[in-house]
Enquirer: 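The following block contains the structure, expressed as structure tokens.
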Amino acid sequence: MTANVAEEKTPAVPVWNDPAQPVTARVSALIEAMTPQEKIAQLYGVWVGASNEGGDVAPHQHDMEEAVDLDALLPAGLGQLTRPFGTAPVDPALGALSLMRSQARIAAENRFGIPALAHEECLAGFAAWGATAYPVPLSWGATFDPVLVRRMAAAVGRDMRAVGVHQGLAPVLDVVRDARWGRVEETIGEDPYLVGTVGTAYVQGLESAGIVATLKHFVGYSASRAGRNLAPSSVGPRERADVLLPPFEMAVREGGARSVMHAYTDLDGIPAAADEELLTGLLRDTWGFDGTVVADYFGIAFLKTLHGIAGDWADAAGAALRAGVDVELPTVKTFGAPLVEAVTDGRVPEALIDRALRRVLTQKAALGLLDADWNPLPPALDGADLDDPDALRGSIDLDGPGNRELARTVAEEAVVLLSNDGTLPLAGPRSIALLGPNAAEPTAVLGCYSFPQHIGVHHPDSPVGIDLPTLHDTLAAEFPDTEFTVTRGTGIDDADLSGIPQAVRAARDADIAVVVLGDRAGLFGRGTSGEGCDVESLTLPGAQQQLLDALLDTGTPVVTVLLAGRPYALGRAATESAAIVQAFFPGEEGTHAIAGILSGRLNPSGRLPVSVPRTPGAQPTTYLGPRLAHANDVSNIDPTPAFPFGHGLTYTTFDWTNLTVDSQEASTDGEFSLALTVRNTGRRPGTEIVQLYLHDPVASVVQPVQRLIGYTRLDLDPGQARRLHVTVPADLASFTGRDGQRITEPGTLELRFATSSTQPRLTARVTLTGPQRHVDHTRHLHAAFTPEA
């Protein structure tokens, strides 16, 4: 009898807390039990900073928003916590403790016990103090190695999950359309297939670690006029469909991304945050995306303040919800009191709230945040003494040897050798003049979303948190018997010429001059590259070109090294430098990689993900231009690049031979089978990157002269040959036709196997036969490359 009474008094677990129940039933029951205010509370975040003493997080005061009263908000619940680790320097262990205690408080103060979902930036590694600073995405593109990028992303994701983070705001899938844009460093390149394959790999890596990957910026952000940040975008429907959208489509279909962030920009007068056709019609109804759409920071408020399509905050909130935005970030504004009032008075249907809430709660359920046994303790603190914060300090290492080794590998594959007259690799020179503003600058390897450049610059008294060897440090270790003279010459972005004579003297007295130029990453004008750091032309910043030209006049061989966030026109140096080494912010291990390339310890294998311009003013242009975009006799502006997309040299040589095609014809729903042999004919092991481009000589709408449709890396020992079999589905020849539908049409094509977009090595002319065929989002996306054993 006693046992029966005890059983009767045991409260039943609510449906929403029972993981044995179907997720749809759990979420429906929870929505039914919530008030409108509780529902809306799940649809916004609050920007916070973790405590460096392990206490509760504190609201971050941003100059664009008024202060937030957490005590007033939490009884209704809270959807997200914005960047608890990425707001100020905080020891990782104490940050994890602070987040844990805050999550316990959030769950305790709302009647359903729902914790928040915590998100962070992870564009070039986890943006937290002391975490590994990996190469920026433009370097990911330079590797042409999705497998390696997937490994890197998984490592980033594991570190984030270990300290209690759930969502990462990466990758950026914007395709570069104008290299003057400051955020080029955050992109993967100027080709949609390269961006799509590498970006999808990053998504897969994050998601494999349990992190919700967030695709951004959907869509059109990178196509702004004149390369200005957040400027109007002039993009037609065909460019949007064939250039800007494919990376997002691939990452949704193949990457399993669970979140998408809308872009700030408008296309043809429709802001992305209020574009129902885009966020619901295409993303959800056509592509089948079932995750959450989150706002780019302050993006919903911008519908009123910048776009002028909303009269007040409630109108902005309603427009975003109708379009398909589910979560307002970074903090509560339009989705707060204005939305509650608008739902109460009927201006915004509660059904829109429920639709967004269902997606948010479904994601929280998948993360275990609704389970009855949910525990805020993060894995990294399991078994730690949580009552002694001082003892915890320094106990979590987010930059361990495995991370650094992986960061170095990515950097090594990403460095691009643009030119070389035989000077490289350096054969133990007696003396090196190491010159330029980035020669001895520790942060020269970091992008604008690295923690030291993004947050650390605002806390100059805080240590940087990671080891950042300069190129001087690593070259001195690489060449221990060489005498170095280090002279800055000039700054990154000043006009100071006073140090150039000293640099010239140092170069004349040395066997080799290594000049290290490029960018300083920053935000909103504080750097020469990064968000809001757009440029009028692609001339090297400041007086760097004057320094470079003066060094070329010395007669000493000049090796030009670029640590930059975008490609720059180098003037006469493009042809007169003894060698040019391009590194796109290669991360904390980047200078080791560059030193290894210069010494010959490493054989360069990076390839350009963006073209390097010949002249600074021939923008906007990318290799994807149609015939009219290339050099011609009716314009005095020649946009031909100094170094094309896909270009990169090695210290060995390769022969490509014996191209065969099984059949010269295939139907518009068929495929071509080809094979070729690649042999390393040099004396060193090396990596060849076989790139496959499609040229469509006659099409029903104007096409790029050529576009990348596949690639693969081949590692070959001296004398080694590999037979490479390639299957090319006809779907890869598809494009958006005159009626707005994607089609594959009959006709002759060229399949060009090339070392870059301007250097075809073997070409097959093939023909598609049969009727014009409509294809959709279920089409084949890849050519299959299969090397023989």
Enquirer: Looking at Asp776 and Arg742, is there a salt bridge between them, counting it only when a charged N and a carboxylate O are closer than 4.0 Å?
Expert: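 Salt bridge: no.
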
Enquirer: Tell me whether the centres of the aromatic rings in Tyr134 and Trp140 are closer together than 6.0 Å.
Expert: no

Enquirer: Counting only N and O atoms by type, is there a donor-acceptor contact under 3.5 Å from the side chain of Gln80 to the main-chain atoms of Val327?
Expert: no

Enquirer: Determine whether Lys39 and Glu350 satisfy the following criterion, salt bridge (charged side-chain N to carboxylate O under 4.0 Å, His left out), listing intermediate values before the conclusion.
Expert: CA-CA 9 Å; Lys39 293 177 179 181; Glu350 191 168 350; 2.7 Å; yes

Enquirer: Considering only heavy atoms from C-beta outward, does the side chain of Met160 approach that of Glu120 to under 4.5 Å?
Expert: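 A side-chain contact exists here, since the closest heavy-atom pair is under 4.5 Å.
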
Enquirer: Just checking Asp290: does its CG atom have more than 12 heavy atoms from other residues, nucleotides or ligands closer to it than 6.0 angstrom?
Expert: no

Enquirer: With side-chain hydrogen bond (donor to acceptor under 3.5 Å, both in side chains) as the rule and sequence neighbours excluded, what pairs involving residues 263-278 come up?
Expert: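 Residue pairs passing side-chain hydrogen bond (donor to acceptor under 3.5 Å, both in side chains), neighbours aside: Tyr264-Asp296.
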
Enquirer: Could you tell me which non-hydrogen atom of Leu563 sits nearest to which non-hydrogen atom of Phe585, and how far apart they are?
Expert: O-CE2, 4.1 Å

Enquirer: The criterion is side chain to side chain donor-acceptor pair (under 3.5 Å); which residues satisfy it with Tyr193, sequence neighbours excluded?
Expert: His782

Enquirer: Taking the side chain as everything from C-beta on, heavy atoms only, tell me whether Leu245 gets closer than 4.5 Å to Met250.
Expert: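 Side chain of Leu245 against side chain of Met250, heavy atoms only: no contact under 4.5 Å found.
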
Enquirer: Indicate the ring-plane relationship of Phe85 and Phe126, choosing parallel, tilted or perpendicular according to the 30° and 60° boundaries.
Expert: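 Rings of Phe85 and Phe126: perpendicular, as their planes differ by over 60°.
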
Enquirer: Heavy atoms, side chains only, cut-off 4.5 Å: are Pro89 and Phe451 in contact?
Expert: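 Yes, close enough: below the 4.5 Å cut-off.
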
Enquirer: Which heavy-atom pair separates Pro135 from Ala124 by the least distance, and what is that distance?
Expert: O-CB, 3.9 Å

Enquirer: Could you pull out all donor-acceptor pairs under 3.5 Å where a side-chain atom in residues 208-219 meets a protein atom, sequence neighbours excluded?
Expert:
{"from": "Ser208", "atom 1": "OG", "to": "Gly205", "atom 2": "O", "distance (Å)": "2.7"}
{"from": "Thr214", "atom 1": "OG1", "to": "Gln167", "atom 2": "NE2", "distance (Å)": "2.9"}
{"from": "Thr214", "atom 1": "OG1", "to": "Gly168", "atom 2": "O", "distance (Å)": "3.0"}
{"from": "Lys216", "atom 1": "NZ", "to": "Glu121", "atom 2": "OE1", "distance (Å)": "3.1"}
{"from": "Lys216", "atom 1": "NZ", "to": "Leu169", "atom 2": "O", "distance (Å)": "3.0"}
{"from": "His217", "atom 1": "ND1", "to": "Asp174", "atom 2": "OD2", "distance (Å)": "2.8"}

Enquirer: For Pro171 versus Gly199, what's the shortest heavy-atom pair and its separation?
Expert: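 Closest heavy-atom pair between Pro171 and Gly199: CG-O, 3.7 Å.
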
Enquirer: Take Val260 and Leu283 through the side-chain contact (heavy atoms from CB on, under 4.5 Å) test and state the conclusion after the steps.
Expert: CA-CA 9 Å; Val260 170; Leu283 179 63; 4.2 Å; yes

Enquirer: Which atoms form the tightest heavy-atom contact between Val203 and Ala251, and what is the distance?
Expert: CG2-CB, 4.3 Å

Enquirer: Work out which heavy atom in Pro246 is nearest to a heavy atom in Ala241; give both atom names and the distance.
Expert: CD-O, 3.3 Å

Enquirer: Are the side chains of Val149 and Thr143 in touch, meaning some heavy atoms are under 4.5 Å apart?
Expert: yes

Enquirer: Using the side chain to side chain donor-acceptor pair (under 3.5 Å) criterion, which residues pair with Gln582? Sequence neighbours excluded.
Expert: none

Enquirer: Going by the ring-ring contact (aromatic ring centres under 6.0 Å, His included) test, which pairs reach into residues 304-338, not counting sequence neighbours?
Expert: none

Enquirer: Do Pro192 and Pro247 touch side chain to side chain, with heavy atoms closer than 4.5 Å?
Expert: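 With C-beta onward as the side chain, the pair touches.
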
Enquirer: Could you note down all residue pairs passing side-chain hydrogen bond (donor to acceptor under 3.5 Å, both in side chains) where residues 220-241 supplies at least one of them, sequence neighbours left out?
Expert: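 For residues 220-241: Arg177-Glu239, Arg183-Tyr221, Tyr221-Asn229, Arg225-Ser234.
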
Enquirer: For Ser450 and Gly447, indicate whether the former's side chain and the latter's backbone hold a donor-acceptor pair under 3.5 Å.
Expert: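 Indeed, once roles are kept as given, a pair shorter than 3.5 Å links the two residues.
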
Enquirer: Could you tell me whether a side-chain N or O of Arg566 sits under 3.5 Å from a main-chain N or O of Arg180, the two making a donor and an acceptor?
Expert: yes

Enquirer: Which residue pairs pass the salt bridge (Lys or Arg N to Asp or Glu O under 4.0 Å) test with at least one member in residues 317-329, sequence neighbours excluded?
Expert: Arg284-Asp326, Asp326-Arg359

Enquirer: Under the 3.5 angstrom rule, does the side chain of Arg355 hit a backbone N or O of Leu321 as a donor-acceptor pair?
Expert: yes

Enquirer: For the CG atom of Leu329 and the CE atom of Met261, what is their distance to the nearest 0.5 Å?
Expert: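 The CE atom of Met261 is 6.0 Å from CG of Leu329, to the nearest 0.5 Å.
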
Enquirer: To the nearest 0.5 Å, tell me how far Gln453 CD sits from Leu446 CG.
Expert: 5.5 Å

Enquirer: Please name the residue in the list Val176, Val612, Thr622, Leu194 that meets the side-chain contact (heavy atoms from CB on, under 4.5 Å) test with Phe645.
Expert: Leu194

Enquirer: Working to the nearest 0.5 Å, report the span between OG1 of Thr187 and CZ of Phe584.
Expert: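 So the OG1 of Thr187 and the CZ of Phe584 are separated by 9.5 Å.
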
Enquirer: Using side-chain heavy atoms (C-beta onward) and a distance below 4.5 Å, is Ile353 in contact with Ile40?
Expert: yes

Enquirer: Quick one: do the Thr736 and Asp242 side chains pair a donor with an acceptor below 3.5 Å?
Expert: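 Note: Thr736 and Asp242 side chains meet the donor-acceptor criterion.
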
Enquirer: I'd like to check Tyr623 versus Asp191 (side-chain heavy atoms, cut-off strictly below 4.5 Å). Are they in contact?
Expert: yes

Enquirer: Where do Val325 and Ala273 come nearest, in terms of heavy atoms and distance?
Expert: CG2-O, 3.6 Å

Enquirer: Apply side chain to side chain donor-acceptor pair (under 3.5 Å) to His262 and list each qualifying residue two or more places apart in sequence or on a separate chain.
Expert: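 If we apply the side chain to side chain donor-acceptor pair (under 3.5 Å) test to His262, skipping adjacent residues, there are no hits.
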
Enquirer: Test Leu367 against Leu117 for side-chain contact (heavy atoms from CB on, under 4.5 Å), laying out the working first.
Expert: CA-CA 9 Å; Leu367 292 166; Leu117 186 152; 3.5 Å; yes

Enquirer: Taking the side chain as every heavy atom from C-beta outward, state whether Asp519 and Ile492 have any atom pair closer than 4.5 Å.
Expert: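 No, too far: nothing below the 4.5 Å cut-off.
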
Enquirer: How long is the gap from OG1 on Thr286 to CG on Leu278, to the nearest 0.5 Å?
Expert: 10.5 Å

Enquirer: What salt bridge (Lys or Arg N to Asp or Glu O under 4.0 Å) pairs are there with at least one residue in residues 249-262, not counting sequence neighbours?
Expert: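 Non-adjacent pairs meeting salt bridge (Lys or Arg N to Asp or Glu O under 4.0 Å): Glu207-Arg258, Glu249-Arg779.
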
Enquirer: Determine whether the side chains of Tyr449 and Glu531 contain a donor N or O and an acceptor N or O closer than 3.5 Å.
Expert: yes

Enquirer: Enter the distance from Leu282:CG to Trp287:CH2 here, rounded to the nearest 0.5 Å.
Expert: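 One gets 4.5 Å once the value is rounded to the nearest 0.5 Å.
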
Enquirer: Does Leu357 offer a backbone N or O that forms a donor-acceptor pair with the side chain of Gln42 under 3.5 Å?
Expert: no

Enquirer: Suppose we screen for side chain to side chain contact (heavy atoms under 4.5 Å, CB included). Which residues come up paired with Arg526, at least two apart in sequence or across chains?
Expert: His458, Leu523

Enquirer: Go through it in stages, so that I can follow the logic: the residues are Thr334 and Leu339, the test is side-chain contact (heavy atoms from CB on, under 4.5 Å), and I'd like the CA-CA distance, side-chain angles, deciding distance and then a yes or no.
Expert: CA-CA 6 Å; Thr334 70; Leu339 183 54; over 6 Å; no

Enquirer: Who passes side chain to side chain contact (heavy atoms under 4.5 Å, CB included) against Cys533, sequence neighbours left out?
Expert: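 Counting only residues at least two positions away or on another chain, Cys533 forms no side chain to side chain contact (heavy atoms under 4.5 Å, CB included).
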
Enquirer: Give the intermediate values and the outcome of side-chain contact (heavy atoms from CB on, under 4.5 Å) for residues Val332 and Leu73.
Expert: CA-CA 10 Å; Val332 58; Leu73 288 178; 4.1 Å; yes

Enquirer: Holding to side chain to side chain donor-acceptor pair (under 3.5 Å), I want the full list of residues that pass it with Ser139, two or more places apart in sequence or in another chain.
Expert: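 Expected list: none.
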
Enquirer: Determine whether a donor-acceptor pair (N or O, by modelled atom type, separation under 3.5 Å) exists between the side chain of Glu190 and the backbone of Ser611.
Expert: yes

